[in-house]
Amino acid sequence: MHEAGVQLAGAWIEGGLRLSNCSIECRINLFDCTLDAPLHAFDARLRSLNLTGSSVVGLRADRVAVAGGLFLRSGFDCTGPVSLAGARIGGDLDCSGGRFAAPATTAIDLSGAAVGGQIFMGDGFAAEGAVRLVGTNIDGDFCASGGRFSNVGGVAIGADALRVGGNVLLDTNAQVAGEVRLASAAIAGHLSLEGSRFDNSGAVAIHAENAEIGHALILRRAAIDGRVVLTDATAGSLADDLDSWPEGQIVLDGFRYQRISSPAVSAEMRLDWLRRQVPADIGTTFRPQPWEHLIRVLRDIGHARDATMVAIGKQHALRGAGHIGNRSDRAQFAPFWHRNAALLRLRTTANRSANLAGNTATRWLHDAYGLLAGFGYRPGRIVMWMLVVWLAGGFYFDRMGRDGIMAPAEPTLLIAALDGTKRPSAQSGPGNCGVRNEVAPEFYWWACPGMPSEYPHYNPWLFSADLILPVVDFHQFSFWGPAATYTTRSGEVRAMAGGELSKIVQWSIVLFGWAMSLMFGAIMTRLVEKD
């Protein structure tokens with residue numbers, strides 16, 4: 001045989017070609033040839049096989065060993081299955097520009113094959129039927145840029161347990177009609193789905209459960225109609241845009257990535273991304289892992305503010321999903337309550353009422369915690385609210401002082417005139433001060449001209465601060481307070497209009513101050529979890 005091997009161009013070969021169990025040391029080149037029957041090469045040992053531009057009705061070469069490359073490219077047309085299960089190819093498998101038609105069955109089967117170079121299925125490649133790469137090992141890249149894969153209603157690319165030493169490039173206007181399966185695949189480089197279209201409406205479009213991606217998962221300018229499953233998948237980084245993710249069709253539980261390498265890193269965009277999960281994962285069976293992992297990644301890459309916003313968004317999502325205050329009613333109780341129907345009905349009603357009250361209180365407290373402290377992620381809000389309440393209290397008690405409702409809390413000042421004599425009734429003039437309806441406005445206690453210098457003068461702003469700051473004493477709360485009554489000239493004691501309300505406001509501010517101070521201290525000392 002000539003040292004150049006077998007080279008045929010434009011030949012018509014009847015009856016097919018049978019190379020099974022053959023060992024051929026020379027190259028076999030069949031350019032633009034036509035075979036009217038399948039080419040068989042089971043367990044054959046070949047130097048290389050080149051069928052560029054040829055037409056065949058099937059290629060059966062399970063467990064074939066090719067030292068060099070296998071070329072089914074540039075116009076290669078196969079109208080039957082191509083079976084290369086368990087094949088060993090030392091070089092590249094190049095199917096660029098080839099057409100493989102085996103509708104409703106397997107167009108190309110590379111299950112368990114090992115390719116020492118790269119696999120090319122792009123640049124005009126088209127497959128009708130499944131392309132199987134289950135358990136396939138590729139030392140280089142799997143490049144399917146611009147390829148067409150069609151197996152409507154089934155698996156278009158089945159690459160479970162695929163092992164790739166380089167990248168998987170299913171990008172640059174690639175089109176897939178059917179499911180892409182990459183479950184448990186190990187990809188050392190990138191998985192690029194950029195600029196491609198995936199159609200499997202009502203079913204799974206991309207299934208990458210437990211997949212390991214060494215570098216980036218690239219999903220930009222893609223169009224996906226179907227579910228994207230990334231359960232327990234890992235990636236070195238995530239390079240995506242929001243519009244490429246289908247709404248309500250993402251499964252992210254267990255998906256882990258080390259960083260985000262895209263402009264879509266703001267909290268607003270990432271929250272929108274999380275909300276695109278399947279309804280159950282953000283509803284009845286809320287999955288916290290995607291939220292917690294995103295929070296951790298954002299902090300690691302220096303986006304602390306965005307991480308905080310996502311953490312707060314998670315709490316709102318939990319509330320919206322009904323996972324806050326969702327204690328359910330009990331069906332079984334102690335044997336005593338099951339003795340008769342009346343006792344059981346009483347216990348059931350009590351349990352239901354307790355749960356209703358408890359769940360309602362839990363939701364209210366959760367909402368208040370979010371409003372006042374950002375669920376512990378924004379303790380500065382506590383200071384802001386205390387400042388607001390202090391200002392409101394200052395204005396309020398300034399008005400109450402001017403209205404003659406504020407009075408000294410020291411009893412001796414209330415029952416005796418400032419000159420030491422008993423005050424039988426309200427009288428105007430120096431040293432005879434009182435509350436509204438007792439004296440003229442210029443002798444209200446807040447501006448009393450005869451107040452002893454050693455007694456703290458009333459200051460509404462310090463009074464409000466004294467109320468809201470439990471560990472600070474400005475000598476106001478202990479010495480001043482709203483008067484609930486006044487004494488008429490005849491000595492009759494009557495209720496002061498606005499007095500009781502002022503007392504309620506006073507003690508409400510005190511309780512608010514204690515609650516905010518304790519909350520702030522607990523958050524800052526980490527005595528309570530932020531969630």
Side-chain angles (χ1 to χ4, degrees), residues 1-103 105-110 113-129 131 133 138 140-150:
M1 185 175 292
H2 194 275
E3 60 182 9
V6 176
Q7 298 192 53
L8 296 176
W12 182 283
I13 302 175
E14 294 184 354
L17 188 62
R18 298 182 179 275
L19 302 175
S20 297
N21 296 301
C22 292
S23 180
I24 302 174
E25 298 298 328
C26 64
R27 298 182 180 88
I28 300 177
N29 299 318
L30 304 179
F31 300 122
D32 301 316
C33 295
T34 300
L35 285 73
D36 64 358
L39 190 158
H40 292 85
F42 295 107
D43 300 301
R45 295 177 179 273
L46 309 176
R47 182 174 178 181
S48 69
L49 178 61
N50 192 335
L51 300 176
T52 297
S54 295
S55 297
V56 300
V57 295
L59 173 60
R60 309 293 178 84
D62 294 349
R63 299 175 303 280
V64 66
V66 182
L70 177 57
F71 304 95
L72 311 174
R73 63 187 181 187
S74 302
F76 176 81
D77 189 355
C78 182
T79 56
V82 172
S83 183
L84 295 166
R88 298 292 181 267
I89 301 171
D92 296 335
L93 171 59
D94 191 350
C95 302
S96 301
R99 179 178 176 274
F100 301 79
T105 183
T106 302
I108 302 175
D109 189 359
L110 284 162
V115 179
Q118 305 182 83
I119 293 181
F120 297 96
M121 293 184 180
D123 299 327
F125 170 90
E128 296 181 49
V131 174
L133 296 160
I138 307 170
D141 295 338
F142 172 45
C143 182
S145 301
R148 305 288 189 271
F149 301 81
S150 179

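Sequential numbering from 1 along the given sequence is applied to the chain's residues. Quick note: numbers below take in every heavy atom, side chains included, and nothing from hydrogens, waters or symmetry partners.
- To the nearest 0.5 Å, atoms OG (Ser48) and CD1 (Ile24) are separated by 10.5 Å.
- Residues Leu72 and Val56 form no side-chain contact, since every pair of their non-hydrogen atoms from C-beta on lies 4.5 Å or further apart.
- When all heavy atoms of Ala44 and Leu19 are compared, the pair lying nearest together is CB-O, 3.2 Å.
- Exactly one of Ser145, Ser96, Cys95 qualifies for a side chain to side chain contact (heavy atoms under 4.5 Å, CB included) with Met121. That residue is Cys95.
- Within a 6.0 Å radius of CZ in Arg45, no more than 12 heavy atoms belonging to other residues, nucleotides or ligands are found.
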Please tabulate, for the side chains in residues 75-87, all donor-acceptor contacts under 3.5 angstrom to protein atoms that are two or more places apart in sequence or on a different chain.
residue : atom : partner : partner atom : Å
Asp77   : OD1  : Arg99   : NH1          : 3.2
Ser83   : OG   : Asp62   : OD1          : 2.4
Ser83   : OG   : Asp62   : OD2          : 3.4

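- Atom CZ of Arg88 is surrounded by more than 12 heavy atoms from other residues, nucleotides or ligands within 6.0 Å.
- Atom CG of Asp36 and atom CD of Glu14 lie 5.5 Å apart (nearest 0.5 Å).
- With values rounded to the nearest 0.5 angstrom, Arg60 atom CZ is found 11.0 Å from Leu39 atom CG.
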(request) For the pair Phe71 and Asn29, evaluate side chain to side chain contact (heavy atoms under 4.5 Å, CB included) and give the outcome as yes or no after the intermediate values. (result) CA-CA 9 Å; Phe71 304 95; Asn29 299 318; over 6 Å; no
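- Applying the ring pair (Phe, Tyr, Trp, His ring centres under 6.0 Å) criterion to Phe125, with sequence neighbours excluded, gives Phe100, Phe149.
- Arg47 has its side chain out of reach of Glu25: every pair of non-hydrogen atoms, C-beta onward, lies at least 4.5 Å apart.
- The CG atom of Asp94 sits 7.5 Å away from atom OG1 of Thr52, with the distance rounded to the nearest 0.5 Å.
- Of all heavy-atom pairs between Leu8 and Ala11, the closest is CB-CB, 4.2 Å.
- Shortest non-hydrogen contact noted between Arg63 and Asp43 is NE-OD1, 2.8 Å.
- Of all the heavy atoms in Ala107 and Glu128, the pair that sits closest is CB-O, 3.7 Å.
- Side-chain contact check for Leu93 versus Leu110: some heavy-atom pair is nearer than 4.5 Å.
- Nearest heavy-atom pair across Leu30 and Ser54 is O-OG, 2.6 Å.
- Shortest non-hydrogen contact noted between Asp92 and Gln118 is OD1-N, 2.7 Å.
- Between Leu17 atom CG and Leu49 atom CG the span is 8.5 Å, to the nearest 0.5 Å.
- Legend: residues meeting side chain to side chain contact (heavy atoms under 4.5 Å, CB included) with Asp32, ordered by chain and number and at least two apart, are absent.
- Here CG of Asp123 is found 7.0 Å from SG of Cys143. Values are rounded to the nearest 0.5 Å.
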